[in-house]
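Note sheet for the following structure.
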Amino acid sequence: MTQPVVRIINLHKSFGALEVLKGVDLEVQRGEVVVILGPSGSGKSTMLRCVNHLEEPTSGEVWLQDVQINAQGANVNKVREHIGMVFQSFNLFPHLTAKGNVMLAQRKVLGRSEAEAARIADEQLAKVGLSDRADHYPSQLSGGQQQRVAIARALAMDPIVMLFDEVTSALDPELVRDVLEVMKELARGGMTMLVVTHEMGFARDVGSRVVFMDGGVIVEQGSPEQVFDNPQNDRTKDFLGHIS
Amino acid sequence: MFDLTRKYRQRSLLSVLVVFLLLLTLASPAFAMTGGKVTVDRETGGQLTRFTFAATTGADEAVSRIDFLFPEGFDPSKASVDVTLLEGLKRIDAIYERRIDPKTGVVTVLFDPAVPPGSNLFMQIREVMTPIAGGTYVLPVEYRLAGDSAGAVPHAIDGLTFKYKTPPREEVISRWLDGQGWVTAWNNVKFLNLFLKPQQFVRAVPLLFAGWLMSLALVLSAFPISIVGGLGTAFMKMSKVPPVRWLASIYINVIRGTPLFLQIFVVFIGLRTTGLRFPDFVSAIVVLAFNSSAYLAEIFRAGIQSISKGQFEAASSLGMSYWQAMRYVIIPQTVRRVLPTMTSEFILLFKDTALFAAVGIFELMLRSQNFVSRSGNLTAYVVAALYYLIITIPLINLVGRLEAKLAQSEHGVAAPTSKRRGRRTPALLSGPDFDTTAAKHESR
């Protein structure tokens, strides 16, 4: 078996007295699309944010390939270069155009030349179907367009793994489809993805594995068919019963 | 031997000649007017001027007529003449007649009886209009004696000069205004005369200009320093190291919690007594920069913290370091957001330069104050106000436009701007996630 891209070992995370993650273990293999489901407050977003160290784990280990990101003295910024992340609230840089957003980190973090960064930005914007919006500022774009720019921005860094944190939750329903299309395309291309979402259709169609979290632990995981059609755990059954 | 004698003779002959000539020169004053002098009572040209002529008549000269040949451009046509005659210290009555030839500009005074020899003669020629161009002029004076025949060449006193300067433009305008009917009518209204006297206005404008430049120089030198200092202090205030944070807090609170006036006195008077002496201009810039840095620090800190956390997270998730995220993502957005408040701070600082009048820096306020105390007229204050407004009104306008533009770019609509805004309250920095209390400025 090859080395997993992401390996989470006995991850705990507390905010003050509140323990949000109570021992999570997860391995993600190259090319896997792991969809994380669960009720709000179950800790799925926190777990995702521990992967690129936006949250510092209280205990446990988080590995990206052979580097432990939460080790003492680890170069967090260096590891983050290889982890793309897309947020619920887009978080585009409002003072830059779409293209400027995609170029900035390429230039400053990867040290790519202006021309190369621009070329890659054009490529990535084309991939998400926004070539004609390259010179627009975020305020001139719809939510769905902004989120696709955010995806392009992450992809331009040539990440090993992509993290999606409820990326369609803030979108109007009619805009969700475009974003999901882009993500499906990405999955088909073999990108390793960790996706926190409430889109059951996406989880079923695109997910190579579904992880159900509740109360800060992984309650159940398996193929979409297993989890959706034949859930074993009562809490999973309860959750799926509520939303379908 | 012979040669020597000849040389000696030649030499002595030369000596005799020199002595004779010398005696002739020394004796000549006895036959002519001496001590001739001309003065004018105005420092600048282009106005009615009184000429004073003083001389002593020769020991055997009975002067019966004096002609003043005013140069071209001088107009003595309305002149009057006063004569004072002294014999020793005793005043004697002079009976004289004045004649003026407006075409040639010659003022003639005829004495009958003639001026007794050896008199001290003082003459005043009043109300001669001088040409505006300043310089040194020659006033030729001729005189005749009682015994001279009509056709005789008159005696001349050469080389009598007087001088004055060209008046500055504002004085010319002011004088012109003096003669205007509407100005007189205007000045008859007490209020207008006190606050808006046209003549004072015209004179104050160029005089206060230097003060205006000084005020501008102070604020333009201090403000860039404040921006750097304020940004540094803001980062110190947000530091993870507690002592650094405390240091910034103490600085900000002490500066914002005390009047700028007091800070000026501390630096100007306090430092002087300790022997530290900097040029006043430098001291002033230091106080202004120190003061403004504290206010800007709070504006910047509030501005930085008003940028949503997601921006920093997005930058971090792309692998940017803290300072890269600050430099390329947070600060550029902060600048846009704090620009209106910063501009307001600049306006306040510019106005606060007036406080330096108290420590003798010749900025706008002190200059206008001096002008007022000299003239007893308050028009200079109005001029000073206009000088302040030239800078502040466009900037106040700019703040309004910046705020509207920012509101539009952040919310997609023009947010209503509050007109009733407290002093130093950054109205714009009141977004949902903006800590207004932290950025609120109290009046100094």
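Order of the sequence lines fixes the chain letters, A, B, ..., with proteins taken first and strands second; residue numbering starts at 1 for each chain. Given the structure is predicted, the values throughout are model-derived calculations rather than measurements.
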(message) So does B:Gly310 get a backbone contact from the side chain of A:Asn91, meaning a donor-acceptor N/O pair under 3.5 Å?
(response) yes
(request) Could you tell me whether the side chain of B:Gln324 and the main chain of A:Ala105 form a donor-acceptor pair under 3.5 Å? (result) no
(message) Measuring from atom CZ of A:Phe93 to atom CD1 of B:Ile307, what distance do you get when rounded to the nearest 0.5 angstrom?
(response) 12.0 Å
(request) For the residue pair B:Val329 and A:Leu104, establish whether any side-chain heavy-atom pair is separated by less than 4.5 Å. (result) yes
(request) Select one option (side chain, backbone, both, neither) describing which atoms of A:Leu110 are under 4.5 Å from chain B's heavy atoms. (result) neither
(request) Decide side-chain contact (heavy atoms from CB on, under 4.5 Å) for A:Arg80 and B:Leu318; before the verdict, give the C-alpha distance in whole Å, the side-chain angles of both, and the deciding distance to 0.1 Å. (result) CA-CA 6 Å; A:Arg80 281 173 177 160; B:Leu318 288 164; over 6 Å; no
(message) Less than 4.5 Å apart, side chain to side chain, heavy atoms only: is that true for B:Gln311 and A:Pro94?
(response) yes
(message) Heavy-atom cut-off 4.5 Å, strictly under: side chain, backbone, both or neither for A:Ser139 against chain B?
(response) side chain
(message) Atom OH of residue position B:Tyr388 - does it have more than 12 heavy atoms of other residues, nucleotides or ligands inside 6.0 Å?
(response) yes
(request) Could you look at A:Phe87 and say if it's the side chain, the backbone, both or neither that has a heavy atom under 4.5 Å from chain B? (result) side chain
(request) Evaluate the side-chain proximity of B:Ser316 to A:Leu54: yes if any heavy-atom separation is below 4.5 Å, no if none is. (result) yes
(message) With a 3.5 Å distance limit and no angle check, can you tell me whether A:His95 reaches the backbone of B:Tyr328 through a side-chain donor-acceptor pair?
(response) yes
(request) Measure distances from A:Arg49 to the heavy atoms of chain B and classify the residue's part below 4.5 Å as side chain, backbone, both or neither. (result) side chain
(request) Find the distance between CD (A:Glu81) and OG (B:Ser317) and round it off to the nearest 0.5 Å. (result) 12.0 Å
(message) For A:Gln140, is the CD atom crowded, meaning more than 12 foreign heavy atoms sit under 6.0 Å from it?
(response) yes
